[in-house]
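These notes concern the structure reproduced below.
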Number of protein chains: 2
Amino acid sequence: MANLSDIIEAFIKEMFDDIPGGILEIQRNEMANQFRCAPSQINYVLTTRFTLERGYFVESRRGGGGYIRIKKLKIREDEFLRDIIEYIGESISGSDAKAIIERLWEEAVITEREMRILCAAVNKYNLPLSPLDRNIIRARIMKAIITAIMDFEARKGGEL
Amino acid sequence: MANLSDIIEAFIKEMFDDIPGGILEIQRNEMANQFRCAPSQINYVLTTRFTLERGYFVESRRGGGGYIRIKKLKIREDEFLRDIIEYIGESISGSDAKAIIERLWEEAVITEREMRILCAAVNKYNLPLSPLDRNIIRARIMKAIITAIMDFEARKGGEL
DNA sequence: ATATCTTGACTTTCCCTGACCTTCATTTAT
DNA sequence: ATAAATGAAGGTCAGGGAAAGTCAAGATAT
């Protein structure tokens, strides 16, 4: 946890705990000031950490009385999993894969133990292939596992 | 006399003595500097010495504030699982894999849901490789997953 | 002779900033 | 009352820098 972006990310996520509605409003300059960084740093954090894939939606308004609004999205599980499969596509990097797996856990689609299993299964060091092939195989494995989870839940009534 | 790689390996292993959680974070360049070697030497040591078979799990991140994280897996307790890992070896067929996975379920090492996940992950159709390569990758994935399970169970109660 | 080690050049990923741009509300001038 | 000016937000983008990754080729050891 060395870099500023991680710290700001954690800070914002903590703010959500105090906001029951799941909608957060911040001021870019104020925040930049608080962390003694360039205002665009806030944009960087938002675009890299609070993306749609990670379950957030960001809106903003400029001018006097402007704001940045961050919304934590609610999901419908079946749709959610289909979207993830689509997002994965034919090939996926290790870091993208990790983000998805963590999201699955945050959304309580998988258990912590399953998260560890998944991470291990798609880890670079456990897939001794060329980077290109590795990303392809990783995509296959992830999609297969998510499909298996969907199928399992569909057959068996839904408790985790 | 021992070569550099051996020395670095021993050094890293000693670092674990001071880290009770079993998770170590290093900086590649700093370490290379310390040993007056090329940074890629560190990668060499990691890929040859800190492998899954030897009970380590490595993750990393690039860029400012980057790191290399080495996790010492807690795997020594379970003889049954160790035997299975040994049996898997460097390569395993689909049918052997399936048999092992079912056995794990019968022994209550994994849940039914995890059984499905595992089966999906090592299924032939999800590993579009030559039969030879597929068996090798399958072996890696299975060992990685079993190791992850052992580690997870061993850590339960302790902190991450 | 073979396997293992070591290096260096090049690549990729990620972080952070500063200069410049756009939008909006409010105030001021006509 | 309207139009222009002002100031206060937030947005964008390119670029520099800081890591770690890859690979092939040469060096060393067995």
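Below, chains carry the letters A, B, ... as their sequence lines are ordered, and counting in each starts from 1. Just so you know, these numbers come straight off a predicted model, no measurement behind them. Excluded from the calculations below are hydrogen atoms, water molecules and symmetry mates; all remaining heavy atoms, backbone and side chain alike, are included.
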Problem set entry | Contact letters for nucleotides 12-21 of chain C, in which S counts primed atoms plus P, OP1 and OP2 and B counts the base, heavy atoms under 4.0 Å | BBBBSBB---
For this session: Using atom CG of B:L46 as one end and atom C1' of D:dC23 as the other, report the distance to the nearest whole Å.
Result: 17 Å
For this session: Whole angstrom is fine here: how far is it from CD in A:E59 over to C1' in D:dG11?
Result: 15 Å
Exercise. Does a nitrogen or oxygen in the side chain of A:N29 sit under 4.0 Å from OP1 or OP2 of D:dG10?
Worked result: yes
Exercise. A:Q27 CD to C:dC24 C1': how many Å, rounded?
Worked result: 14 Å
Problem set entry | Check: B:R69 and B:V58 side chains under 4.5 Å, non-hydrogen atoms | no
Exercise. Do B:R61 side-chain atoms and B:I68 backbone N/O form a donor-acceptor pair below 3.5 Å?
Worked result: no
For this session: Check every strand shown and say whether B:I42 touches a base, only sugar-phosphate, or nothing at a heavy-atom separation below 4.0 Å.
Result: nothing
Exercise. Considering only heavy atoms from C-beta outward, does the side chain of B:T147 approach that of B:L81 to under 4.5 Å?
Worked result: no
Problem set entry | B:N43 CG to D:dA19 P, straight-line distance once rounded to whole Å | 15 Å
Exercise. Heavy atoms, side chains only, cut-off 4.5 Å: are A:F57 and A:L52 in contact?
Worked result: yes
Problem set entry | Earlier contact from the 5' end, DNA chain D, for A:S60 and B:S60 | A:S60
Exercise. Is the centre of the B:F11 ring less than 6.0 Å from the centre of the B:F16 ring?
Worked result: no
Problem set entry | Distance in angstrom units between A:R134 CZ and D:dG21 P, rounded | 11 Å
Exercise. Rounded to whole angstrom units, what separation is found between the CZ atom of B:R28 and the C1' atom of C:dT6?
Worked result: 14 Å
For this session: Check whether NZ of the Lys or CZ of the Arg B:K13 lies under 6.0 Å from the centre of the six-membered ring of B:F50 and within 45 degrees of that ring's axis.
Result: yes
